[in-house]
Asks: 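Sharing a structure here in structure tokens format.
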Amino acid sequence: MVKNNNISGILYVVATPIGNLEDITFRAVKILKKVDIVAAEDTRHTRKLFSYYGIKTNCVSCYDHNEVAKIPEFIKHLKNGYDISLVSNAGTPLISDPGYKLVKEARKQDIQVIPIPGACAAIAGLSVSGFTTNSFLFLGFVSRKKTKRLKELEQLKYQKSTLIFYESPKRIVSFLMDILAVMDNRPAVLAREITKMHEEYINYNLSDIINILNLRKSVKGECTLFVQGYNSSRAVISDQDLDKKIFKALKNTNVKTSVLSRDFSTKYHLSKKVIYDKIIKLQRDIEDS
Ligand code: SAM
């Protein structure tokens with residue numbers, strides 16, 4: 001291994017697509033072609049991207065369990081003037097992906113670290129969520145242990161920023177149920193398969209999203225969840241008062257049941273199904289009286 005011994009190489013942190021292979025910048029492709037080594041989370045995965053763009057750079061693995069052991073080797077290459085690109089399987093490395101320890105060490109050793117920005121599921125989904133983007137909190141994956149997870153959620157309950165979570169499709173329903181149990185029934189957006197063929201955004205209250213997913217045989221694909229932040233001015237209503245208001249609306253207007261459930265659900269952040277059931281029951285009471 002010989003190269004310029006006086007100038008250190010550059011560590012590039014390169015964002016790759018989160019689904020659609022064309023979501024990568026010209027600069028990223030150029031850098032991936034030009035560097036000496038690509039440190040990839042899964043070399044087989046990265047090779048698919050490489051074959052799409054005709055990239056022939058040497059790819060070595062750098063994932064959660066070997067990152068620490070590989071750091072000295074990468075630092076040595078960088079000190080010897082070799083450029084390295086760090087990529088993960090999807091999106092921006094280090095964002096719920098490996099690379100933090102390598103970047104930290106490179107910085108410590110005064111090696112230049114340069115980002116090549118691009119896709120990130122959290123940012124892509126946030127931009128279309130309809131929730132406030134002025135302030136958001138990226139939480140990534142919360143704990144899989146129920147007690148710890150509930151504690152983590154409890155701490156987020158009064159957070160006013162939009163909350164962003166990554167979660168596996170297998171656990172998404174139980175995760176939504178945990179959020180519902182800890183926070184109230186807030187608006188949320190479940191972004192599934194962003195940029196892919198079966199891309200979908202389910203945008204309702206938490207309980208409605210749970211109901212929709214429960215009607216499916218299984219939830220498939222990659223999921224990112226956006227939950228509206230705490231809103232202290234949100235209308236809160238007791239069950240009795242809600243009944244009274246619905247009763248009054250039914251007596252005084254000819255509005256369709258679906259429109260009424262939507263309006264009440266939006267105003268009081270309650271599930272449309274809960275409101276709908278109440279309307280049906282109260283309609284029966286009115287008919288019987
Ligand atoms: N570094 C990536 C990024 O920049 O978004 C995220 C990597 S993390 C290991 C993988 C998680 O990101 C998935 O479990 C899912 O929660 C989210 N994710 C990745 N791609 C996605 C997509 N196309 N649609 C929705 N969520 C996605």
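One-based numbering, in listed order, for ligands and for the atoms of each.
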Asks: Which atoms of ligand 1 have any heavy atom of Glu167 under 4.0 Å away?
Replies: 16 (O)

Asks: Tell me if the aromatic rings of Phe226 and Phe131 count as close, with their centers under 6.0 Å from one another.
Replies: no

Asks: Is a side-chain donor-acceptor pair under 3.5 Å present for Tyr230 with Gln228?
Replies: no

Asks: Under 4.0 Å from a heavy atom of Glu193: which atoms of ligand 1 are those, numbered in the order shown and with their elements?
Replies: 23 (N), 24 (N), 25 (C)

Asks: Taking only heavy atoms of Ala191 into account, list the atoms of ligand 1 that are under 4.0 Å away from them.
Replies: 25 (C)

Asks: Below 4.0 angstrom from a heavy atom of Asp97, which ligand 1 atoms are there? Numbered from 1 as shown, please.
Replies: 1 (N), 2 (C), 7 (C), 9 (C)

Asks: Any N or O of Ile194 that comes nearer than 3.5 Å to an N or O of ligand 1?
Replies: yes

Asks: Does Arg284 pair with Asp288 as a salt bridge, N-O distance under 4.0 Å?
Replies: no

Asks: Side chain or backbone, does Ala90 bring an N or O within less than 3.5 Å of an N or O on ligand 1?
Replies: yes

Asks: Does the side chain of Glu152 come within less than 4.5 Å of Ser143's, by heavy atoms?
Replies: yes

Asks: Step through it carefully: locate the ring centre of Phe141, locate the ring centre of Phe165, and say whether they are under 6.0 Å apart.
Replies: no

Asks: Is the shortest N/O to N/O distance between Ile18 and ligand 1 below 3.5 Å?
Replies: yes

Asks: Any atoms of ligand 1 less than 4.0 Å from a non-hydrogen atom of Thr92? List them with their elements.
Replies: 1 (N), 3 (C), 4 (O)

Asks: Show the atoms of ligand 1 that are less than 4.0 angstrom away from any heavy atom in Lys196.
Replies: 23 (N)

Asks: State yes or no: do Ile18 and Leu21 share one hydrophobic cluster built from I, L, V, M, F, W and Y residues joined by side-chain heavy-atom distances below 4.5 Å, directly or via other members?
Replies: no

Asks: Salt-bridge test for Lys220 and Glu193: reply yes if a basic N is under 4.0 Å from a carboxylate O, no otherwise.
Replies: no

Asks: Please confirm whether Cys120 comes within less than 3.5 Å of ligand 1 when only nitrogen or oxygen atoms on both sides are compared.
Replies: no

Asks: Should Asp277 and Lys281 count as an ion pair when the cut-off is N to O under 4.0 Å?
Replies: no

Asks: Taking N or O atoms only and a 3.5 Å limit, does Pro93 qualify as a polar contact for ligand 1?
Replies: no

Asks: Please confirm whether Ala122 comes within less than 3.5 Å of ligand 1 when only nitrogen or oxygen atoms on both sides are compared.
Replies: no

Asks: So is there a nitrogen or oxygen of Tyr166 less than 3.5 Å from a nitrogen or oxygen in ligand 1?
Replies: yes

